[in-house]
Structure formats: structure tokens, C-alpha cells
Student: 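Right, I'll just put the structure down here and ask away after.
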Amino acid sequence: MDKLVVSTSAHIKDSDSIPRIMWGVNLALLPVLIAAVYFFGLYALGVVLSSVISAVITEAVIQKFLFKKPVTVSDGSAVTCGILLAFSIPPSVPLWLPAVGSFVSIAIAKQCFGGLGWNVFNPAMIGRAFLLICWPVEMTTWTSPLDGVTGASPLGILKEEGFSKVVEFFGNRTTMYTDLFIGNVRGSLGETSCLLLLVGACYLFYKKYISWHIPVSFLGTIALLSWMTGGDPLFAILSGGCILGAFFIATDMVTSPVTKTGQLIFGIGVGALVVLIRAKAGYPEGVCYAVLLMNTLTPLIDRYIKPKPFGVVKK
Amino acid sequence: MLKIFLNGIFKENPIFRLALALCPSLAVSNTAFNGLGMGLCLLFVITSSNVIISSVRNLIHPKIRIPAYLTIIAVLVTMVEAFLHAYVPALHKSLGIFIALMVVFAIVLARAEVFASKNTVWKSLMDGLGMGLGFALAMVLLGIIRELLGSGSVFGYNIMGQNFKPILIMLFSPGAFLLVGLLMGFFNWYERRFTKNL
């Protein structure tokens with residue numbers, strides 16, 4: 001490799017900054033928002049707005065009145081957190097629910113740990129886990145896109161009735177893959193449309209805000225392990241929150257390892273946990289908990305995978 | 001004397017200051033009634049154990065003091081359990097194993113070791129009362145907040161109305177962890193503010 005690669009802890013002065021990256025991520029999430037509004041109606045926009053507004057207000061109020069620090073709402077990180085939280089919950093929830101979730105995300109998972117850069121866990125996922133434990137009924141009521149009929153999500157059908165029922169539900173395998181890829185399935189607001197998630201992800205790759213290591217090892221592990229356990233690898237990747245998790249949630253700069261090797265380990269760990277939770281645990285989907293569990297290991301990974309200091313010759 | 005008494009309630013509150021006896025504060029503070037019950041049981045146990053241990057403190061050989069303390073505490077706890085079983089069976093049922101576990105609560109042994117074994121009977125009595133009351137108040141506070149948020153009522157009386165969607169996490173130990181942490185932070189913040197103004 002003879003090209004100069006800039007690593008996460010940048011050493012060259014560049015125009016990239018926290019606000020630029022965060023607003024870049026928000027821009028990358030915009031196509032997904034359009035898909036959510038198209039499939040689940042204008043109410044989806046209300047859910048996202050409720051979550052974002054609550055996140056921004058919570059951050060501003062805590063920084064201004066409790067810690068008496070400068071308010072850094074304009075860096076966009078609270079907005080990103082609010083959007084990601086709203087994208088990971090069902091479209092039919094009452095509007096106060098995302099607001100409470102965002103409050104927990106920002107107040108407990110982010111500001112209690114010292115604010116942006118200090119949080120151990122991904123704030124949006126903490127908010128989601130909190131909501132799932134507190135209001136399990138609202139958080140597992142899935143409405144189907146366009147007509148709004150409630151029922152089980154594809155992963156729920158897989159858990160309860162097996163893979164053949166999933167194929168039956170969609171008609172045949174081809175329509176299953178296309179529907180999952182386009183996003184015409186029951187699921188959380190922003191996780192259904194793999195197509196537009198990938199459009200956003202391409203933008204992040206183009207801007208070099210994320211590297212291929214976490215998404216590829218994450219999705220690769222899921223595909224490999226579900227193939228080995230007799231499942232359908234493509235279905236496993238396209239369903240649930242895998243794509244959203246792989247490109248937007250697990251790649252969070254604060255809560256994932258710094259080095260490339262560390263990121264590969266992180267991705268493999270999340271992928272393995274997702275397959276394990278989907279197959280053996282009580283929940284049909286496990287991206288949220290898998291990411292949170294691997295977040296706890298991030299400091300350990302960073303400690304043992306130390307990058308070679310610049311200029312040191314390998315012996 | 002008053003200072004020793006108040007010490008246990010505010011300055012060295014077992015849960016929010018010493019961070020001892022966290023096990024019952026996480027497990028049985030899910031309703032205000034359970035919190036109060038547990039608090040009163042511990043108030044009795046810690047006060048009596050402090051008084052007994054300080055009155056026999058010169059008779060116990062230092063090398064076997066911990067087993068001796070534990071035996072005294074265990075006798076007291078067994079009395080409490082038998083009493084609850086006979087007169088308040090509902091509380092006995094909801095507290096369950098945690099009544100017997102009082103024998104090994106760190107706060108009881110800590111006060112025996114740190115305070116009662118070195119001080120007079122009267123001082124130990126005040127210390128036991130203060131620590132026990134501090135624990136009981138903290139448990140009731142936790143119980144009220146958790147019951148209010150987790151099931152919308154306090155001491156069994158519905159307060160929040162029919163449309164309230166209970167915050168279920170508050171009924172489980174993770175919710176208690178969050179609450180104890182937040183309250184600890186709140187008290188630290190309050191004390192720092194208070195002492196700055198002085």
C-alpha cells in the first residue's frame with residue numbers, strides 16, 4: 001500500500017470536524033427517512049421529530065443548567081442519536097415513547113458518562129433497550145407498510161414458525177428478497193429499506209466517515225454463521241436491523257475500537273452475538289443487545305490491539 | 001450523641017453515602033411497603049446488634065470476633081424472621097430470602113466492627129438507630145419512586161390514573177441500579193452546592 005491513509009485519530013489538520021461528520025451522518029440518514037415516510041406514512045416523520053426534538057432539548061438543558069457548560073447541540077450528535085433511536089423503534093408507537101427514549105439516551109447514556117466522546121455505550125441503543133424493557137407491548141407491535149395492518153415481523157415469524165412459513169408469507173423466495181431489499185416489510189422505522197440504507201452508507205464510505213472493517217466483518221459473520229447453522233444467509237442479512245446496525249450503529253466512532261484489527265474483532269463479535277440471540281434468546285432480533293454487549297468490550301479490544309507507533313520498525 | 005445519630009441519616013447514609021447494603025436496596029425496594037418493611041427490620045437488627053456487641057466488646061477475644069458478631073446478628077435475624085412469619089406473613093412472603101440474608105448485610109457487620117466494638121453502649125445505640133433510620137428512609141424513598149414509576153401507585157394507592165403507562169424497568173433491578181446511581185449523584189451535587197455556600 002503506497003497511499004497515505006488517514007486513521008481515525010487524525011494527525012493531519014483537516015477540515016473534517018465533529019459537526020461536519022455528524023451532520024454528514026444525518027445527511028446519509030435522510031434517504032432512509034424518505035423511505036420510512038413513504039412506507040409508513042407521515043406519522044413516521046412525527047416519530048422521528050419527537051425523538052430528535054426531545055434529544056436536542058435534553059442535551060441543551062443538561063449542558064446549560066446542570067453542568068453549566070457550553071451548549072454543543074449544533075454539532076449534530078444529539079440529532080444523530082435521536083434519528084437513530086427513532087429508526088430502531090416500530091412505526092406505530094405513541095409519540096411520547098420516542099421522546100422518553102431520547103431523554104434516556106442523552107441524559108443517562110451520554111451526559112451521565114461525560115458527554116460526547118466519553119459514553120461507553122451507544123446512546124441510541126441504550127434508549128431502545130430501555131424502551132423495550134419498559135413498554136414491551138408498544139415496542140413489538142409491527143405494522144405492515146402502506147396498509148398499516150399489524151402482525152409479526154419476518155424475524156418474529158422465523159422465531160415462532162420456522163423459515164418455510166416466512167417464504168410462504170412473502171409468496172416465493174424472489175419476492176421475499178426483493179421486498180426485504182426495498183423495505184416493503186414489517187419492521188422498525190428505518191431498518192426495513194436496505195436499498196436506501198446502502199445509498200446512505202455509500203455516502204459515508206465516499207466521505208471516509210466509516211471504513212469497511214466493521215460492516216463487512218459484521219455482515220460476513222452473520223451470513224457465515226447462519227449458513228453454517230442451516231439458515232438462509234441472505235435473509236439473515238436483509239431482515240431486521242442488520243444493515244442499519246452494520247453501517248450506522250456499530251460504526252459509531254466513540255463506542256467502537258480505534259484500530260482496524262480491533263474493528264474486525266468488534267464486527268465479528270457483534271455478528272456472532274446477533275446470530276446467537278436470534279437463534280437461542282427470547283427476542284427475535286438481537287442487533288441492539290449485540291452492539292451494547294460489544295460496546296463493553298471496546299476498551300479491552302483497544303487495550304490489547306495497540307497500533308504500531310508511527311516510525312517504529314517491526315523487528 | 002445527636003451528632004452520632006444524625007451521622008447515619010445524612011453524612012454517612014448507608015445506601016447513598018457508604019454504598020453498603022446495596023443488595024437489599026436493589027432487590028426489595030420495588031414497592032414503598034417492602035422498602036419500609038425491610039428498613040424497619042434492619043433498624044431493629046442493627047440497633048440491637050450494636051447494643052449487644054458493644055456491651056460484650058471486652059469479653060470477646062479479638063481473633064474470633066467476626067464469628068462471634070455473626071452469631072449474635074444471626075440470632076437477632078432469626079427472631080425477626082419468626083416474628084414476621086407469625087404476625088406479618090404478607091411482608092415475610094414478599095421479602096423472602098432477604099430476611100435471612102440480613103445476617104450478611106455489609107452494613108450490620110461494618111457498624112459492629114467499625115463502631116460498636118470500639119464505643120460505649122449508649123453511643124452504639126445512637127449509631128445503630130441513626131444508621132438503621134438512614135437505611136429505612138433511603139429504602140422508603142427508593143420504594144416510593146420505584147412504585148410510583150413502575151406501577152403508578154404509592155403504598156398500594158393508585159396515584160397516576162388509568163392512562164399512565166408504567167415504566168416497567170423500575171420494577172426490576174436495572175431500574176433500581178439507575179435510580180440509586182442518579183440519587184447518589186443528586187445527593188453529591190446537593191452537598192457540594194450546600195458546602196460551597198457555607
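Because the structure is a prediction, the values reported are computed rather than measured. First the proteins, then the strands, lettered A, B, ... as listed; each starts at 1.
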Student: Closest approach of A/Cys134 and B/Ile167, non-hydrogen atoms and distance?
Tutor: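 A/Cys134 and B/Ile167 have their closest heavy atoms at SG-CG2, 3.2 Å.
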Student: With a 4.5 angstrom heavy-atom cut-off, could you sort out which part of A/Pro94 is near chain B: side chain, backbone, both or neither?
Tutor: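 Contact with chain B involves no heavy atom of A/Pro94 at all.
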Student: Is A/Ile133 close to B/Pro174 at the side-chain level, that is, under 4.5 Å between some pair of heavy atoms?
Tutor: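 A side-chain contact is absent here, since even the closest heavy-atom pair is not under 4.5 Å.
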Student: Is chain A contacted by the side chain of B/Leu182, its backbone, both, or neither, given a heavy-atom distance below 4.5 Å?
Tutor: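 Contact with chain A is through the side chain of B/Leu182 alone.
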Student: Surrounding CG of A/Leu42 (heavy atoms of other residues, nucleotides or ligands, distance under 6.0 Å), is the total greater than 12?
Tutor: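 Atom CG in A/Leu42 is not packed in, count stays at 12 or less.
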Student: More than 12 non-hydrogen atoms from neighbouring residues, nucleotides or ligands closer than 6.0 Å to CZ on B/Phe155, yes or no?
Tutor: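 It does: B/Phe155 CZ has more than 12 such atoms within range.
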Student: Within a reach of under 6.0 Å around CZ of A/Phe103, are more than 12 heavy atoms found that belong to other residues, nucleotides or ligands?
Tutor: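 Count not over threshold, so no.
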Student: Count the heavy atoms of every other residue, nucleotide or ligand shown that sit under 6.0 Å from CH2 of A/Trp96, and state whether that count exceeds 12.
Tutor: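 Enclosed.
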